[in-house]
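What follows is one structure encoded as structure tokens, with my remarks underneath.
Source: prediction; values computed, not measured. Just so we're on the same page: letters track the sequence lines, and every chain starts at 1.
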Amino acid sequence: MSNAETAPNGKPDSETKANNFVRTIIEEDLARNKYQGRVVTRFPPEPNGYLHIGHAKSICLNFGLAQEFNGQCHLRFDDTNPTKEDIEYVHSIQQDIKWLGFDWQPNLFHASQYFEQFYEKAVFLIKKGKAYVCSLNEEEIREYRGTVTEPGKPSPYRARSVEQNLDLFQRMRNGEFEDGTHVLRANIDMAAANMKMRDPLLYRIRHAHHYKTGDAWCIYPMYDFAHPLSDAFENITHSICTLEFENNRELYDWVVAECETEAVPRQYEFARLNLTNMIMSKRKLLRLVNEGLVEGWDDPRMPTIAGFRRRGYTPESIRNFCDMIGVAKANSTVDLGQLEFSVRDDLNFKVPRVLAVAKPLKVVIENYEEGKEENIEGSLYPHDVPLEGSRTIPFSREIYIDRDDFMLEPPKKFFRLAPGREVRLRHAYIIKCEHVVQDPETGQITELRCSYDPNTLGKTPTDRKVKGTIQWVSAAHAVPATLRFYDRLFTMERPDLAEGEFTQYLNPHSLDLAEGFVEPWAATREPGTRFQFERIGFFIRDTKDGRDVHPVFNRIVGLRDSWAKQSEPKSESQPAKTKATPKAPAPAKPAVKRDPLADKSPEMAAAFKRLKETHAELGDNDLDVLTTDAARVAFFDAALAELDDAKLIAKWMNNEMARELKENGWGALKATGPQLAQLLILRNKGTISATIAKDVLADMLVSGTDPQKIVAAKGLEQVSDSGALEAVIDDVMTANQAEVDRFRNGEKKLMGFFVGQAMKATKGKANPKMINQLIQKKLNG
RNA sequence: UGGGGAGUCGCCAAGCGGCAAGGCUACGGUUUUUGGUACCGUCAUUCGAGGGUUCGAAUCCUUCCUCCCCAACCA
């Protein structure tokens with residue numbers, strides 16, 4: 001990779017990306033030349049809300065995969081519901097995707113642009129008898145649909161003639177009917193086990209203004225109709241969506257097949273992203289906005305892209321986070337800390353360090369000349385960040401330090417200021433606390449009187465060790481600023497699972513304000529500039545507020561703080577860390593033993609009993625599987641006639657054949673019972689190894705060839721000649737010297753490794769028992 | 001309960017019959033004019049549970065358990 005993009009940490013992107021199942025599918029498709037080498041994905045948001053971090057995961061996946069395989073990713077607005085969608089959202093969505101660093105190039109689409117084609121496909125289905133106009137009302141449709149356990153019943157309108165349907169559907173389009181009076185439905189199966197297949201709705205009447213098509217239409221297609229067709233029209237190869245659409249896939253495939261589109265896209269589903277201490281549902285985010293619980297979609301506490309942008313997160317950090325968490329099918333909730341890690345990891349190498357004080361405490365340096373000022377040159381980056389730059393920092397007799405950096409009675413490992421103690425001022429002198437000025441009434445510390453060591457500017461004293469370094473600003477030069485400390489929005493790890501209103505778990509300290517000071521240089525920077533305020537955290541100058549003389553800085557993310565960690569455990573009132581268990585975990589029920597006869601047909605139950613009597617050596621478990629269907633029983637009986645070993649035959653049928661026949665079923669198998677028996681006889685005689693026997697079985701099952709012929713044709717006889725095997729083992733040992741040493745040093749689990757290598761070297765033909773013995777002997781000898 | 005999915009460390013997540021990857025977190029240590037960063041080290045005899053097949057099982061067979069999704073004219 002010559003033009004390899006580098007991730008923030010300097011490692012090439014490709015190395016930071018974990019493999020995932022979607023990528024694997026694409027690679028396989030490419031290898032089989034399934035789409036002539038094309039990879040076309042799409043990101044299909046409905047413009048009814050702002051994009052959030054969960055969408056970012058999908059965006060990174062879809063655009064990232066397209067990029068990686070030199071394909072395309074389409075941006076398609078899935079705008080089939082005029083009552084919910086708005087142009088404001090299409091703008092924000094485009095802005096957010098661009099900001100994240102992705103480009104749809106010319107491939108910007110709207111489902112609404114296909115309305116005419118959808119209509120034509122609907123007419124096509126009607127003509128095929130695969131769709132009909134249903135005039136049941138909403139409630140009736142629900143009733144007719146049945147439940148998950150009971151089949152539905154056909155709509156009385158299902159039998160309408162093609163002509164009637166065509167006429168009605170045309171008139172629906174013409175606007176002759178009120179909302180809700182008719183719908184177009186697919187004609188599939190009202191008894192389908194998959195609820196999505198019970199004559200799903202394809203079109204509904206909506207006399208509503210569409211932000212894109214205006215009043216041209218009063219019928220609008222449903223997602224399940226529009227989505228697969230849009231994918232097909234755009235030649236999408238891999239249509240990647242979230243897990244809750246798994247049930248829709250059967251319908252997706254039905255629509256594509258019945259509409260007879262040229263392209264046949266495939267849908268794949270992955271788990272959506274959840275974050276701890278956060279909610280991700282659009283509905284709930286909308287509520288936070290509408291109820292004024294946050295300041296808008298771009299409130300820096302929101303998990304929206306717009307919120308993160310204003311908070312100061314970088315696109316790189318979000319992309320890197322998405323790569324880091326992977327893509328899989330298991331529901332999961334990622335720790336917010338992982339996102340924060342990503343942000344720090346990125347900012348650490350990019351952002352200038354400056355001095356700021358959040359909770360000011362005045363310090364007067366008594367032995368520093370009054371009225372004197374010094375300009376200290378301070379580098380903007382620490383020694384380990386390969387960036388250059390510096391600014392001057394004014395120093396004078398009166399400065400501010402952070403209240404947290406002073407303690408009257410310091411605990412053991414407190415390295416900062418305390419009465420009589422010394423501390424280094426970052427970039428400047430070492431000072432010593434001489435007196436503490438307190439309010440006589442409240443005891444409040446109002447001021448510190450210190451002395452400084454003039455010989456410590458840029459120098460480290462050799463006679464003593466000063467461990468702490470703190471930030472400061474010159475009082476006369478400091479610029480007052482508002483520091484906004486953002487924290488997690490919810491106190492509970494899983495507010496989405498919690499009982500009751502999710503709003504009751506809002507963190508009252510998700511935003512804390514501090515009036516502090518920043519050094520002059522920092523205040524000259526433009527809104528949108530990111531810094532590290534040394535020892536406090538990463539901040540961004542807000543882009544909306546404080547654009548004038550009194551700047552406002554948002555804390556992007558705090559620094560890791562091992563001092564806080566070790567000094568904190570006593571204070572239990574840390575709302576952000578509350579680990580409330582949302583639901584009591586249900587006690588695991590003990591495993592129930594199933595009655596093998598309970599759900600068998602009378603014939604199979606009879607077979608079960610018959611075999612149990614004639615072959616006592618078979619366990620209930622074996623019999624249970626054997627008597628799953630008549631084909632198996634017949635196969636078993638035929639094999640038994642040839643080889644009188646019920647136990648062996650059952651073993652092979654139940655373990656090995658079961659796997660091979662899982663997909664195509666026992667009805668379609670080519671091999672016969674006697675052939676299985678022949679194979680087992682070969683095995684019993686030691687002619688072939690167990691590994692080879694399985695291979696032969698697989699071959700036999702699809703070809704119907706006699707096992708002897710397969711073995712002879714391919715030369716699969718077992719190798720039991722100890723001389724030959726020893727040679728193989730010698731080769732393995734010389735090729736894996738390191739493992740040999742480890743084994744001799746006690747890593748006995750490597751035994752399997754050596755056997756495996758030897759078996760592979762002989763393509764499975766070696767006698768594994770002999771291999772085991774020989775290796776044992778050689779390795780220990 | 002019918003159907004569709006998923007269970008590997010505190011949190012993500014590789015692995016697809018032959019040595020349980022990696023990241024985050026946590027915990028030690030080194031360096032440090034940021035208690036930051038960087039660097040080094042530790043952290044799963046075990047993969048939801050039982051039974052079985054195999055020389056060998058997280059991976060194959062089987063039974064069970066738990067969780068998620070589906071009964072919007074939303075997407």
| Picking from rG3(B), rA75(B), rC74(B), which would you name as closest to the side chain of Ala193(A)? | rG3(B)

| field | Proximal nucleotide (of rG2(B), rC61(B), rG36(B)) relative to the Ala658(A) side chain | value | rC61(B)

| Given the C1' atoms of rU53(B) and rC60(B), what is the spacing between them in whole Å? | 8 Å

| Will you find, in the side chains of Asn137(A) and Glu139(A), an N or O donor that is under 3.5 Å from an N or O acceptor? | no

| task | To the nearest Å, give me how far apart CD (Glu28(A)) and C1' (rC16(B)) are. | result | 11 Å

| note | In Watson-Crick or G-U wobble terms, with both distances under 3.5 Å, the base opposite rC24(B) is rG10(B)

| query | Considering heavy-atom distances to RNA chain B, does Pro45(A) or Thr276(A) have its closest nucleotide positioned more toward the 5' end? | reply | Thr276(A)

| said: Say we look at rG7(B) and rU46(B): how far apart would their C1' atoms be, to the nearest angstrom? | reply: 15 Å

| message | When you compare the ring of Phe754(A) with the six-membered ring of rG18(B)'s base, are the centres less than 5.5 Å apart and the planes under 30° from each other? | response | no

| task | For Arg535(A), report the nucleic acid contact type (base, sugar-phosphate, nothing); a contact means any heavy atom under 4.0 Å. | result | base

| field | C1'-based separation of rA57(B) from rU62(B) [nearest Å] | value | 14 Å

| message | I'd like to know if the side chain of Asn248(A) pairs up with that of Asp224(A) as donor and acceptor (distance under 3.5 Å, no hydrogens or angles considered). | response | yes

| said: In whole Å, measure the gap between the C1' atoms of rA71(B) and rG2(B) for me. | reply: 11 Å

| Considering Watson-Crick and G-U wobble pairs with both distances under 3.5 Å, what does rA44(B) pair with? | none

| task | Go through rU37(B), rA75(B), rC70(B) for me and flag the one nearest to the Asn248(A) side chain. | result | rA75(B)

| field | Same-atom distance (C1') from rC67(B) to rU30(B), integer angstrom | value | 45 Å

| Quick check, are the ring centers of Phe415(A) and Trp563(A) under 6.0 angstrom apart? | no

| Whether Asp199(A) side chain and Ile188(A) backbone form a donor-acceptor pair below 3.5 Å | yes

| query | Is any side-chain N or O of Ser562(A) closer than 4.0 Å to OP1 or OP2 of rG36(B)? | reply | yes

| query | Using the benzene-type ring in the case of Trp, are the ring centres of Tyr223(A) and Tyr252(A) under 6.0 Å apart? | reply | no

| message | Between rC47(B) and rC9(B), how many Å separate the two P atoms, rounded to a whole number? | response | 10 Å

| said: Can you see if the side chain of Arg142(A) gets near the phosphate of rA72(B) - specifically, an N or O under 4.0 Å from OP1 or OP2? | reply: yes

| remark: When rounded to whole Å, the CG to C1' distance for the pair Asn348(A) and rC24(B) reads 16 Å

| said: At under 4.0 Å between heavy atoms, how does the protein contact nucleotides 50-58 of chain B? Give one character per nucleotide, 5' to 3', with B, S or -. | reply: --BSSB---

